[in-house]
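Beneath this line is the structure, given in structure tokens, with notes to follow.
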Amino acid sequence: MNKVLLIIPAYNEQDSILSTIDTIDEYNKNHSSNKLDYIVINDGSRDRTEEILTSNNKPHVKLVHNLGIGGAVQTGYKYAMEHNYDIAIQFDGDGQHDVNFVEDICKPIFDGKANMTIGSRFVEGSTSEFKSTKARQMGIKIISGEKLYDVTSGFRAADRGLIAQFAMDYPLEYPEPISTTQILKQGLTIQEVPVEMKERNGGVSSIRSWKNVYYMINVLLSIMIIGTRRSK
């Protein structure tokens with residue numbers, strides 16, 4: 001049986017982390033033959049996130065300092081590699097992601113059609129109520145250089161090879177678009193899968209706005225550097 005791990009990065013998610021975990025536990029009750037493991041990476045939260053995880057005996061790793069989304073997720077990949085998982089899925093702790101779509105985003109990897117899948121709000125078949133600006137969608141198309149429309153999605157599945165790669169080397173800043181670009185330049189396959197997403201239950205997103213010029217410039221410069229390195 002394939003081993004699947006949900007990596008749940010959490011920073012100040014006291015309002016939503018327990019309800020997010022409850023949806024996974026409920027899913028496992030209804031899928032006893034194909035249960036999902038999960039690990040919460042408490043990324044130096046300053047609220048009650050650690051207290052909630054500990055008092056409810058939820059599997060988690062406590063980071064002493066806030067590493068940011070890239071460092072937190074990489075910690076999860078290290079855990080996945082050490083425990084020999086076949087697929088690792090980044091799964092936000094804020095309630096946006098729906099665990100019922102896990103099977104859909106795993107299928108292309110299990111079928112040997114993709115090294116990574118992205119749960120996408122913007123491809124045909126998605127009925128997500130999540131709203132995105134035209135500027136954000138346009139930026140994703142420019143950044144990817146491919147027909148990938150939700151490069152910033154945190155709902156992503158990686159195969160065993162990418163788990164090992166990300167455990168050793170993962171972008172600390174803008175990890176989703178940067179790592180996606182790296183994967184494509186390696187000649188690996190990424191497939192978008194339509195999913196539904198919700199607005200976050202609480203807390204504050206780590207990405208403030210795609211209208212932020214600073215964000216766009218830094219991502220594009222990073223991708224240009226990646227392209228230069230690969231060409232050499």
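- Every residue meeting the side-chain contact (heavy atoms from CB on, under 4.5 Å) condition with D47, not counting sequence neighbours, appears here in chain and number order: N12, Q14, S45, T49.
- Judged as a side-chain contact (heavy atoms from CB on, under 4.5 Å), and not counting sequence neighbours, the contacts of E26 are K29, N30.
- Partners of D169 under the salt bridge (charged side-chain N to carboxylate O under 4.0 Å, His left out) rule, at least two apart in sequence or in another chain, do not exist in this structure.
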Distance-only check: which donor-acceptor pairs under 3.5 Å involve side-chain atoms of residues 62-70, not counting sequence neighbours?
| from | atom 1 | to | atom 2 | distance (Å) |
| --- | --- | --- | --- | --- |
| N66 | ND2 | D43 | O | 2.9 |
| N66 | ND2 | D43 | OD2 | 2.8 |

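- Under the rule for a side-chain contact (heavy atoms from CB on, under 4.5 Å), the partners of N115 that lie at least two apart in sequence or sit in another chain are D159, L162, L188, T189.
- For residues 111-120, every residue pair satisfying the salt bridge (charged side-chain N to carboxylate O under 4.0 Å, His left out) rule, not counting sequence neighbours, is listed here: K107-D111.
- Residues that satisfy the ring pair (Phe, Tyr, Trp, His ring centres under 6.0 Å) test with Y79, not counting sequence neighbours, are H83.
- Here Y170 pairs with Y77, F166 under the ring pair (Phe, Tyr, Trp, His ring centres under 6.0 Å) rule; sequence neighbours left out.
- Salt-bridge formation is not detected for the pair K3/D86: no Lys NZ or Arg NE/NH1/NH2 atom is positioned less than 4.0 Å from an Asp or Glu carboxylate oxygen.
- Residue pairs meeting the ring-ring contact (aromatic ring centres under 6.0 Å, His included) criterion with at least one partner in residues 96-118, sequence neighbours excluded, are F91-H97, H97-F155.
- Between D98 and E196, the closest heavy-atom pair is CB-O, 4.1 Å.
- A side-chain donor-acceptor contact under 3.5 Å links S179 to the backbone of E176.
- When only modelled atom types and interatomic distance are considered, N42 and Y11 share no side-chain donor-acceptor pair under 3.5 Å.
- Screening residues 13-33 for ring-ring contact (aromatic ring centres under 6.0 Å, His included), with sequence neighbours left out, gives Y27-H31.
- Listed by chain and residue number, I21, D22, Y38, K58 satisfy the side-chain contact (heavy atoms from CB on, under 4.5 Å) test with D25 (two or more places apart in sequence, or in another chain).
- Take E103 and apply the salt bridge (charged side-chain N to carboxylate O under 4.0 Å, His left out) test, not counting sequence neighbours, and it matches no residue.
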